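On a predicted model such as this, the values are computed, not experimentally measured, just so you know. Letters A, B, ... mirror the listed sequences (proteins, then strands); counts begin at 1.
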Amino acid sequence: MGQTPPSTDATYDPQAVEAKWQSRWAEGHVNEPDLDQPARPFYNLMMFPYPSAEGLHVGNMFAFTGSDVYGRFKRLQGYTVFEPIGFDAFGIHSENYAIQVGVHPSELIPRNIANFRRQLRRMGGMFDWRQELSTTDPAYYKWTQWIFLQLYKAGKAYRKHGNVNWCPECKTVLANEQVIDGYCERHPTVRVQQRALKQWYFRITDYAERLLHNLDDAEAMDWSETTAGAQRNWIGRSEGAEIVFPLVGREDRLSVFTTRPDTLFGATFMVLAPEHPLVGALTAEAQRADVEAYIRATAEQDVVSRRVGDREKTGVFTGGFAINPATGQQIPVWVADYVLMEYGAGAIMAVPAHDERDLSFAEKFGLPVVRVLDEDERLIESGRFSGEPAEAAIANITAWLEERGAGQRQVQYRLYDWCISRQRYWGPPIPIIYCEDCGTVPVPEEALPVVLPPLDEFRPDDTGVSPLARNEEWYFVPCPRCGRRARRETDVSDTFLDSGWYYLRYPSAEFDERPFDPVRTRTWLPVTAYIGGNEHAVLHLLYARFLAMVLHDLGHITFEEPFLRFRAHGLIVKDGAKMSKSRGNVVIPDQYIAQWGADTFRMYLMSLGPFQEGGDFRDAGISGPRRYLDKVWAMVGRCIAEDAVGEITKAVMVKWHQTKQKVAEDIEALKYNTAIAALMELLNVLREEQCCEQHILDDMVVMTAPFAPHFAEECWERLGHTSSVFAARWPEWDPALVVAARAEVVIQVNGRTRSRVEVERDAEEERGGGGGG
RNA sequence: GCCCGGGUGGCGAAACCGGUAGACGCAAGGGACUUAAAAUCCCUUGGGGGCAACCCCAUGCGGGUUCGAAUCCCGCCCCGGGCACCA
């Protein structure tokens, strides 16, 4: 340990204190738990950052501090806390920025990571740096590719055509965020088109029901309701029926999905998605030119605009007819882009009387509208079902269809399969080889990693070829099966695949020969507490759950839900607006840390508002937490310098014990703002009562430690302790003392406060308990 | 349109299993110390009335339940976030 003696200075110098303890923590390895034999393992996880060139911003700092406070608190409760950190450094953000500044990402990223590392150390996080990881490290992405292969072998990865945004000017694929109102961000006059490319997908839809069901399993998942709700929404389960319509003059039939089979008698036309496989066959010669023109026009839109609702309906008649199985009537079959191939059957029965979209379509094209429900939701004009309540009719009509082989109950999900292909450079190459003779061949596991080849010119260009294909030495490879010349897959995988399993890697980061060690994994996982932003409520958190489920089913891990507890932190806003570069209200923590110290800044961020709600950043407030630390510092100074430490009055005693309970409960509930307020209240009582007794100060320092760790270490040492404050235990409180001995009784008349009386609490009565308002 | 949050002093916010509205902090005003300033310490601080004891008003709006509502119920308005032509 260091040689610096404890400071006895009258004034608190955060820069000196923080530098001293940061080096002591590093030298003493105090944040490195025994990963093999932990007494009470507690895996405290925070979402690893994308190392941007701007550095850690206040939003990151808020999130990390909140998680760190919790981890430190758990440590003080006696848990062996593992708090790892790493970098999510692959992906389009890094690549776009590298293109913008003209520096290769392989040069840029290590620089950014070094800066993040510096900032993360400076903020005083309890990170176990031994286990640091970066998704761009071949030793990491080797296993990202391995996971791809496991899914491939299990039949959970497949290749199909999918639409991407295509800029005809750049002649390259654009990410959704590069499409601005249907135009290319680099060519504001060029409309982005959709183009179908063969891409790799993961079958997350196979897991829709389990992903949904586990959300209600409180044993496996204790999650913020906002997050669980967002996932339910995203998975989007709907119950309904598949109904099969015969086609006039054809042998095959047309399937649709509907949630309202009770309105079948009101189905007056059908609509197919432009991509529906039956469109060509159904189209009459007279209509062929119109239909083909319409399909072409649809394809020319970008992927983003196609999905924007509320546009005026467009469509075209195919010339074909279907037969409504309920009425026996012939109804026309149309094509329209408001029906999406990706959902349900890619075709609908249109019931314009009872569906707004169908109605606006029917009105535009003069199609019949037949009401089949009356005011009190009973069926009319529906043959033998007329008079039935709609709810009963859903089941009855479905059963009736089923008897005739014309339909059946069906559950649909809105969830799509996960497209993991990215036609980009800065990511892990998808470990697949295409051979003329053997077809699609996975790279053998022992040949991993497929290292991302160095490419000076890494930006997408107008050749229409993926960047990786330009490196021919890499691109052409002997087929692993037959040895003949074959080609590598040139797409890289989605960043969400990198971040989908990083939590599994941390405890095993030093093992080269396996992705996650079975013993380490059993010891530390699933993650005990995970804190992160709700912007990842659906993508990251859903993908991570899905991958864990697959790995569980394949026997690689013993749990299927990776995060026992998840809490979403709030957002830091400034001047009433979310911080963003474009608004110019981004706050960089460094300047504040330089001026006030990391401890003051941490405490300030945590006092802004409830952690799960966020808060409003205003410079003016920072002096409050600093004054608290200055006063505690001074009080510690008085305690060690003087014999007369004041009397522990009844008021002090009660407040002391109340505070121990309240701060513990508030931190557990992530109500850091009120925990800090309670500490300040205790300080105020001690000052009023002129008390600076050592036991009370010891407790106060321990309770302050999660928020201001360096400060607490220094005070702890000044108070005469020789070990780290984090070797201490959270102070116990006496429940009898938590109930105030004196109480003010409020006299109310008609619910209004009329008078207040102070009464002594009787100890006997106390024991008897009970007592009404 | 649907699903989550949220609306309380000059400001950030507390209180929310119904029972003292505004804890804690910031800012502001007054005072002490100082040649002065900063820092620090003490006092005041939702609005209105009263010499005072006290009284009245006040938690987005309108109703309701209750001895009593910021809190519960019904109907709205506004702000933030997510999803959205999902059949």
Side-chain angles (χ1 to χ4, degrees), chain A residues 11 224-238 240-241 243 256-261 263 267 270-271 273 306-315 336-351 354-358 360-361 412-416 533-535 537-538 568 570-571 573 576-578 603-604 607-610 612-628 630-631 634 662 666 671 673-684 687-688 743-757 772-773:
Chain A
T11 50
S224 300
E225 182 44 42
T226 52
T227 314
Q231 292 208 348
R232 276 187 207 104
N233 219 331
W234 185 263
I235 295 168
R237 185 180 196 274
S238 312
I243 302 181
V256 301
F257 171 72
T258 176
T259 54
R260 298 298 301 273
T263 62
M270 315 284 292
V271 186
R306 169 77 191 273
R307 297 208 159 270
V308 172
D310 256 10
R311 282 182 306 130
E312 185 166 352
K313 295 282 177 291
T314 58
D337 69 356
Y338 82 93
V339 175
L340 305 172
M341 193 59 222
E342 292 84 356
Y343 185 75
I348 61 158
M349 64 177 209
V351 186
H354 305 290
D355 182 285
E356 266 182 54
R357 296 153 300 172
D358 296 345
S360 58
F361 192 82
Q412 271 295 331
Y413 300 92
R414 214 180 56 196
L415 187 67
Y416 293 65
N534 227 8
E535 68 273 19
V538 282
L571 227 57
V573 302
K578 185 180 166 176
M603 206 159 182
Y604 169 64
S607 70
L608 283 176
Q612 290 177 89
E613 284 168 36
D616 202 342
F617 188 93
R618 308 179 43 142
D619 301 17
I622 304 181
S623 54
R626 175 56 188 268
R627 287 206 263 256
Y628 166 82
D630 282 338
K631 286 172 187 170
K662 177 158 176 63
D666 283 357
K671 290 180 184 169
N673 56 331
T674 50
I676 291 167
L679 287 169
M680 289 174 170
E681 280 186 54
L682 172 60
L683 175 78
N684 292 344
R687 284 159 58 83
E688 275 159 32
E744 211 178 38
V745 171
V746 177
I747 314 297
Q748 287 185 352
V749 177
N750 289 337
R752 286 190 163 279
T753 306
R754 293 293 150 174
S755 184
R756 297 156 192 205
V757 186

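With a glycosidic angle no more than 90° from 0, B:rG9 adopts the syn conformation.
Backbone-only contact: A:Asn684 has heavy atoms under 4.0 Å from sugar-phosphate atoms and none from a base. Counting non-hydrogen atoms under 4.0 angstrom, A:Ser607 reaches nothing in the nucleic acid. Within 4.0 Å of A:Lys662, counting heavy atoms only, lies no atom of the nucleic acid at all. Among the protein residues, A:Pro625 comes within range of no part of the nucleic acid, since none of its heavy atoms lies under 4.0 Å from any strand. Within 4.0 Å of A:Arg627, counting heavy atoms only, lie sugar-phosphate atoms of the nucleic acid but no base atom. Contact annotation for A:Arg414: base contact, defined as any heavy-atom pair under 4.0 Å involving a base atom. Among the atoms of the strands shown, none is found under 4.0 Å from any heavy atom of A:Ser360. Counting non-hydrogen atoms under 4.0 angstrom, A:Asn673 reaches the backbone sugars and phosphates but no base.
Under the rule for a side chain to side chain donor-acceptor pair (under 3.5 Å), the partners of A:Lys662 that lie at least two apart in sequence or sit in another chain are A:Asp666. Taking the ring pair (Phe, Tyr, Trp, His ring centres under 6.0 Å) definition, one finds that A:Phe361 meets it with A:Phe269, A:Trp334, A:Tyr338, A:Phe365, sequence neighbours left out.
The partner of B:rG46, taking Watson-Crick or G-U wobble pairs whose two distances both stay under 3.5 Å, is B:rC57. Using Watson-Crick or G-U wobble geometry with both donor-acceptor distances under 3.5 Å, B:rA69 finds no partner in any strand shown. B:rC16 makes up no base pair with any nucleotide shown, lacking Watson-Crick or G-U wobble contacts both under 3.5 Å. Look at B:rG1: its Watson-Crick or wobble partner, with both distances under 3.5 angstrom, is B:rC83. Judged by Watson-Crick or G-U wobble contacts below 3.5 Å, the nucleotide B:rU40 has B:rA32 as its partner.
Taking atom P in both B:rC55 and B:rG1, one finds a spacing of 48 Å when rounded to whole Å. Only the C1' atoms considered, B:rU66 is 9 Å distant from B:rG18, to the nearest whole Å. Rounded to the nearest Å, the gap between the C1' atom of B:rG80 and that of B:rG60 is 15 Å. As rounded to the nearest Å, B:rC51 and B:rG68 have P atoms that lie 33 Å from one another. Comparing the P positions of B:rG81 and B:rC43 gives an interatomic distance of 43 Å, to the nearest angstrom.
When each of A:Gly609 and A:Thr258 is assigned the nucleotide of RNA chain B with its nearest heavy atom, A:Gly609 is the one assigned upstream, toward the 5' end. When each of A:Asp355 and A:Ser623 is assigned the nucleotide of RNA chain B with its nearest heavy atom, A:Ser623 is the one assigned upstream, toward the 5' end.
In this structure, A:Asp616 atom CG and B:rC79 atom C1' are separated by 13 Å, rounded to whole Å. Going from atom CD of A:Glu356 over to atom C1' of B:rA87 covers 13 Å, rounded to whole Å.
Taking the six-membered ring for Trp, A:Tyr604 and A:Phe617 have ring centres closer than 6.0 Å.
Proximity of a side-chain donor or acceptor of A:Arg357 to a complementary backbone N or O of A:Val339 within less than 3.5 Å is not detected.
For A:Tyr416 against B:rC86, a side-chain-to-base donor-acceptor contact under 3.5 Å is present.
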